[in-house]
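Heads up: the structure comes next, in structure tokens.
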Amino acid sequence: MDKSNHSKKEAVELWSQMLDRAKEHEWSTFDDPDYVHPGRDAASTRQAFSDAGWSDDEIDLKDEIAKAQSNEAPITSPGVARFTEAALHRLSQPIESAAAQLNVSNRDKVHFAVEPKSGPLLSKINVVMTDQSIITMGSFFTRYCGLVSRAYIRTMFLAPMSVGSDFNEEFLRKELRKRPDLIFYWWRIFISFALTGTHALAPFKPSSKDEILLMEQVAFAMEIFGLAHEYAHHALDHGRTVVSETDAHGEEFEADAFALKICKIVEADHRYAWVKGQSVPNPYLETGAGGVLLLSSLEVFRKAKDRIFVNKAYDTHPSFLNRSTKIKNTYIMQPNMYATSLDFCDAVENVLRCVMLELEPMMGKFSPKGLGDLAPDDWEVKSFE
């Protein structure tokens with residue numbers, strides 16, 4: 001066992017024990033190689049990409065790359081889907097590289113693993129009596145980010161000049177109403193994850209070639225911020241002592257700020273990874289807008305879930321709007337970067353606000369009390385779980 005593996009030995013052993021117990025849980029998401037999602041077999045999936053404008057050669061290449069990544073990814077949780085292991089590997093590597101550049105002292109004491117649970121889940125588990133941590137990513141977290149990013153850019157494209165500094169709520173909502181299919185797409189995403197913890201009820205509408213670069217950038221920014229936030233809790237040694245609600249809020253703000261540092265490094269390191277030979281910046285990663293989209297969409301998801309199951313659990317996280325404000329204020333001493341951050345983060349808030357307002361009539365069907373507690377100005381973030 002090399003030095004790195006030895007330094008997180010207890011974390012690996014604990015995760016192995018937790019994984020054995022998880023296999024007995026009825027909601028575990030271990031892979032069933034014989035299961036085929038209705039309507040998402042190889043032929044229908046290929047047809048969906050073809051309908052989105054992809055050629056047969058492009059579809060074949062995409063499949064070959066995905067297969068190679070799945071085969072090459074290390075195994076953290078035997079029995080989970082290989083593509084999920086590949087996704088975790090794709091995200092954890094740049095985060096660990098950024099941590100090295102930040103000289104995080106305990107970076108060799110963290111173990112990344114796929115957690116066989118449904119839902120847009122990320123978490124950090126402290127290994128008792130050690131300074132080690134396990135950072136887990138749920139089986140469907142990247143699916144969630146992919147769906148939300150696709151819905152976001154399709155909504156933004158309806159009125160690209162009126163979602164940022166020149167935000168026009170009335171205009172964007174009017175454009176949304178012209179696209180009931182897009183509103184229903186948002187609805188199906190949140191309801192699918194609220195009811196099943198998976199994308200099972202969301203329609204499969206792959207990105208077109210015009211959408212793919214932006215969609216991948218937005219999804220990557222969401223994914224990196226979420227995983228980096230949990231990594232930040234480890235790097236900052238959070239959660240190992242009992243703290244007050246005020247201190248807990250402070251830890252969340254600290255983790256967001258540290259996650260943004262990681263995002264900035266990852267963005268710089270990956271500028272040439274998007275298009276071979278070209279430098280393609282990812283403003284959603286650098287400005288924190290990807291994190292704002294993740295947090296705001298999770299707030300909508302939580303409200304949908306709470307409405308269905310009438311389950312509003314106590315939580316120590318600060319409000320979404322407070323977290324978003326602090327993310328936007330990161331660059332307040334850098335005027336040009338601050339203006340860019342405001343544009344992208346405000347655009348995310350504005351789009352999600354309009355989406356929420358258009359979804360309210362449907363959300364209201366789940367409660368006889370009406371829509372009062374769903375007002376976007378009352379957003380509250382629960383957690384990544």
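Numbering of residues begins at 1 and proceeds along the displayed sequence.
Under a 4.5 Å side-chain heavy-atom cut-off, the cluster of Ile, Leu, Val, Met, Phe, Trp and Tyr residues that includes Ile75 has no other member.
Asn350 is linked by a side-chain hydrogen bond (donor to acceptor under 3.5 Å, both in side chains) to nothing, counting only residues two or more places apart in sequence or in another chain. In this structure, the side-chain contact (heavy atoms from CB on, under 4.5 Å) partners of Asp237, at least two apart in sequence or on a different chain, are Arg240. Every residue meeting the side-chain contact (heavy atoms from CB on, under 4.5 Å) condition with Lys264, not counting sequence neighbours, appears here in chain and number order: Glu286, Tyr331. Checked against salt bridge (Lys or Arg N to Asp or Glu O under 4.0 Å), Asp60 has the following partners two or more places apart in sequence or in another chain: Arg46.
Contact record, Ser123 with Glu230: C-OE1, 3.6 Å, taken as the closest heavy-atom pair.
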Which donor-acceptor pairs under 3.5 Å do side chains of residues 91-100 form with protein atoms, sequence neighbours excluded?
| residue | atom | partner | partner atom | Å |
| --- | --- | --- | --- | --- |
| Ser92 | OG | Leu88 | O | 2.9 |
| Gln93 | OE1 | His89 | NE2 | 3.4 |
| Gln93 | NE2 | His89 | NE2 | 3.4 |

Please tabulate, one pair per line, all N/O donor-acceptor pairs under 3.5 Å involving side-chain atoms of residues 333-340, not counting sequence neighbours.
| residue | atom | partner | partner atom | Å |
| --- | --- | --- | --- | --- |
| Tyr338 | OH | Asn329 | OD1 | 3.3 |
| Thr340 | OG1 | Asn336 | O | 3.1 |

Could you list the donor-acceptor pairs under 3.5 angstrom formed by side chains in residues 63-73, with sequence neighbours left out?
| residue | atom | partner | partner atom | Å |
| --- | --- | --- | --- | --- |
| Ser70 | OG | Ala66 | O | 3.0 |
| Asn71 | ND2 | Lys67 | O | 3.3 |

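The salt bridge (charged side-chain N to carboxylate O under 4.0 Å, His left out) pairs that include a residue from residues 197-214 are Glu58-Lys209, Arg154-Glu211, where partners are two or more places apart or lie in different chains. Contacts classified as ring-ring contact (aromatic ring centres under 6.0 Å, His included) and involving residues 152-172 (residues at least two apart or in different chains) are not found. Judged as a salt bridge (charged side-chain N to carboxylate O under 4.0 Å, His left out), not a single pair has a partner in residues 158-168 (not counting sequence neighbours). Residue pairs that meet the salt bridge (charged side-chain N to carboxylate O under 4.0 Å, His left out) test with at least one member in residues 76-91, sequence neighbours left out, are Arg90-Glu223.
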